[in-house]
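Following: one structure in structure tokens, then a few remarks.
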Amino acid sequence: MSKPHVVCVPFPLQGHINPMLKLAKLLHSKGFHVTFVNTEFNHNRILDSRGPNALNGLPDFHFATIPLPHPPSNSNTTLNLRALHETCRKDFLNLFRHLVGELNNTVSNPPVTCVISDAVLNYSVTLSEDLQIPVVLFWSMGASGFMSLKHFHDQIKQFIAFLKDPSIGAAGMEKNLDSLMEWIPGMKGAKVRDLSEFSKTKDEINVMEDSSKGGRERDSMASAIIFHTFDALESQILKDVAAFFKRVFSISPLQLFLDQIPDEQYSSIECNLWNEDAGCIKWLDSKQPNSVIYVNFGSITVMTVEQVVELAWGLANSNHNFLWITRPDLIMGESAILPPEFLTETKGRGFIASWCPQEEILNHPSTAGFLTHCGWNSILETISSGTPIICWPFFGEHFVNSRKSCGEWGIGMELASDFRRDDVEKLVKVLMEEEKGKMMKEKALEWKKLAEESVNSNGSSSLNFNYLVNEILLS
């Protein structure tokens with residue numbers, strides 16, 4: 001009999017590609033023939049950053065592309081995301097359906113038997129009926145972040161009157177942002193500002209409202225939903241989320257699953273859109289244990305020049321070692337150029353790189369803490385490594401992740417959105433030197449143990465993954 005053939009397609013951003021690729025590797029280790037789909041634009045970026053052989057794959061693990069156009073580079077991240085979502089809405093389904101048809105007509109491939117699609121690309125569920133195969137949607141965010149977006153319309157109802165009232169002013173808006181939204185299931189204690197940043201401007205509302213209307217219907221058509229989380233981390237909210245779908249599986253942390261595979265063949269397959277600086281690890285090797293604060297705001301966060309300067313001097317004034325990742329497009333409309341006097345001041349105790357192997361850094365003995373934008377991948381990676389965090393959420397569900405980390409999970413402290421250098425210095429010193437930092441470290445290690453237990457043979461994530469494979473994808 002031919003192998004089962006799963007097609008995995010992520011939304012074309014780095015933070016969506018990484019977890020989908022890990023899931024694809026796990027399915028390959030279970031005996032699936034895997035086709036992993038990138039856009040042509042991202043495929044070429046990966047080859048540029050990792051070399052011409054980066055995507056050669058393995059036996060029965062292949063890469064394919066679709067010619068989905070990407071919006072031109074723009075310093076306004078929100079506009080870029082909106083344009084990319086709109087392009088996917090118009091063009092993705094036809095391009096993806098054509099690709100699946102080509103795969104089914106290729107003699108060297110077994111026929112496609114199932115699809116795992118990024119939940120943002122839920123247009124793919126129509127293939128479930130067309131081809132009579134399971135289509136599973138993968139949310140690369142946590143269940144709490146999903147719940148925030150799920151109740152977006154309810155947020156609009158509370159917001160819309162204020163947004164239309166020109167007399168409310170900044171003080172009124174701040175008061176509204178601090179109002180509690182405890183009526184949302186699983187979000188006890190949440191404030192409006194903790195939920196989705198998408199709802200804070202009038203321009204965003206119509207876009208989000210239009211995109212979510214059809215999405216709820218398509219989600220309900222999926223054979224199953226995967227959340228990249230684990231039961232112990234979001235137990236109650238996962239129960240609330242389960243009411244919306246046919247089947248819900250919490251499967252995470254994916255990297256801890258991969259660490260259990262003795263064969264290292266999968267480590268050669270990566271889809272990084274930037275070239276990793278190997279010097280990061282060599283520099284960390286030269287430092288004392290628990291002596292470095294790691295700073296990385298992910299793949300889409302942008303900062304102003306003033307924010308970068310304040311962050312730089314906050315790190316310098318803390319007098320601690322730091323490893324800071326500054327993408328070329330980190331600063332809005334400019335290259336990430338740091339003040340020369342800052343580089344002189346921090347010579348020997350600071351390392352600046354454009355991209356890095358984050359999970360290796362978080363698990364390095366020299367890394368003591370992580371200053372992060374609170375993207376969900378970063379949250380799971382810090383939990384898996386037992387690393388406490390300083391949170392500077394940027395947009396979307398980052399604010400939910402930050403609230404959970406600082407409150408419910410006890411592993412973080414939040415840096416104000418309008419921070420100054422003194423704020424950065426203070427929080428770094430608290431994390432690195434004070435009793436609160438030690439307590440955060442202890443909580444982080446407790447969550448690490450729970451994460452490891454979830455992927456053990458009888459752990460919740462392992463049981464969920466096996467059920468997904470045997471009862472959904474192979475059905």
Side-chain angles (χ1 to χ4, degrees), residues 253 255-256 259 276-298 301 310-326 342 345-353 355-375 377-393 401-402 404-407 409-416 419 421-452:
Q255 184 59 46
L256 295 186
D259 290 343
E276 293 179 343
D277 187 341
C280 297
I281 304 301
K282 185 177 180 180
W283 182 82
L284 282 174
D285 290 340
S286 71
K287 301 303 175 185
Q288 294 295 315
N290 296 309
S291 67
V292 176
I293 184 78
Y294 167 56
V295 184
N296 190 346
F297 297 130
T301 299
E310 291 299 308
L311 176 58
W313 284 113
L315 293 171
N317 296 339
S318 74
N319 292 317
H320 285 286
N321 299 322
F322 61 89
L323 169 57
W324 186 5
I325 306 305
T326 58
F342 160 76
E345 172 75 19
T346 59
K347 187 177 181 180
R349 62 184 177 90
F351 190 97
I352 312 294
W355 202 243
C356 68
Q358 177 161 290
E359 286 170 292
E360 191 174 355
I361 286 171
L362 289 172
N363 284 283
H364 196 283
S366 296
T367 302
F370 181 18
L371 175 48
T372 172
H373 67 306
C374 293
N377 290 327
S378 292
I379 294 295
L380 285 177
E381 288 161 9
T382 197
I383 285 174
S384 299
S385 64
T387 307
I389 57 178
I390 297 171
C391 305
W392 189 62
N401 301 339
S402 177
K404 290 275 187 175
S405 298
C406 299
W409 301 329
I411 63 172
M413 302 175 290
E414 186 163 305
L415 180 65
F419 68 86
R421 63 189 66 183
D422 291 347
D423 303 316
V424 177
E425 177 187 353
K426 177 182 177 181
L427 290 189
V428 170
K429 287 183 174 179
V430 169
L431 189 149
M432 304 287 281
E433 302 171 12
E434 298 183 12
E435 186 64 27
K436 182 173 182 179
K438 294 177 182 177
M439 293 173 62
M440 288 162 50
K441 176 66 174 180
E442 290 173 1
K443 290 298 294 184
L445 290 173
E446 290 175 14
W447 283 112
K448 177 183 178 182
K449 182 179 179 181
L450 290 171
E452 291 169 342

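Residues: numbered from 1 along the sequence shown.
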Heavy atoms only: give me the nearest [X]-[Y] pair and the separation to one decimal.
X: Phe297; Y: Val295; value: CZ-CG1, 4.1 Å
X: Phe342; Y: Phe322; value: CZ-CZ, 3.5 Å
X: Thr372; Y: Ser378; value: OG1-CB, 3.7 Å
X: Ser405; Y: Ile379; value: OG-CD1, 3.5 Å
X: Arg349; Y: Leu315; value: NH1-O, 3.9 Å
X: Ala316; Y: Thr346; value: CB-CG2, 3.6 Å

Exercise. Taking everything shown except Glu452 itself, do over 12 heavy atoms lie less than 6.0 Å from its CD?
Worked result: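 Above 12, so yes.
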Distance check, rounded to the nearest 0.5 Å: [X] atom [atom1] versus [Y] atom [atom2]?
X: Ile281; Y: Cys356; atom1: CD1; atom2: SG; answer: 7.5 Å
X: Ile293; Y: Leu371; atom1: CD1; atom2: CG; answer: 6.0 Å
X: Leu450; Y: Leu445; atom1: CG; atom2: CG; answer: 11.5 Å
X: Ile352; Y: Cys280; atom1: CD1; atom2: SG; answer: 10.0 Å
X: Glu359; Y: Ile361; atom1: CD; atom2: CD1; answer: 10.5 Å
X: Ile389; Y: Cys374; atom1: CD1; atom2: SG; answer: 5.0 Å

Problem set entry | Within-4.5 Å side-chain heavy-atom neighbours: Leu311 and Trp392 |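 Of all side-chain heavy-atom pairs linking Trp392 with Leu311, none is under 4.5 Å.
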Problem set entry | Heavy-atom check, side chain of Phe351 versus side chain of Asp277, under 4.5 Å |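 Counting from C-beta outward, Phe351 and Asp277 do come under 4.5 Å.
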For this session: Output yes when Glu446 and Lys443 qualify as a salt bridge under the 4.0 Å nitrogen-oxygen rule, no when they do not.
Result: yes
Can any side-chain N or O of [X] pair as donor or acceptor with the backbone N or O of [Y] at less than 3.5 Å?
X: Lys441; Y: Gly386; answer: yes
X: Ser366; Y: Val292; answer: no
X: Glu276; Y: Trp355; answer: no

Exercise. Who passes side chain to side chain donor-acceptor pair (under 3.5 Å) against Ser402, sequence neighbours left out?
Worked result: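 Residues passing side chain to side chain donor-acceptor pair (under 3.5 Å) with Ser402: Glu414.
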Exercise. Just one of Asn296, Asn363, Thr382 clears the side-chain hydrogen bond (donor to acceptor under 3.5 Å, both in side chains) bar with Gln358, so which one?
Worked result: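 Going through the options one by one, the only one that passes is Asn296.
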Exercise. Stepwise, does the side-chain contact (heavy atoms from CB on, under 4.5 Å) test hold for Leu323 with Thr367?
Worked result: CA-CA 9 Å; Leu323 169 57; Thr367 302; over 6 Å; no
Problem set entry | Whether Phe370 and Tyr294 hold their rings parallel, tilted or perpendicular, with breakpoints at 30° and 60° | parallel
Please table the atom pairs, donor to acceptor, closer than 3.5 Å between any side-chain atom in residues 427-440 and protein atoms at least two apart or in another chain.
unit_1	atom_1	unit_2	atom_2	d
Lys429	NZ	Glu425	OE2	3.0
Glu433	OE2	His320	NE2	2.7

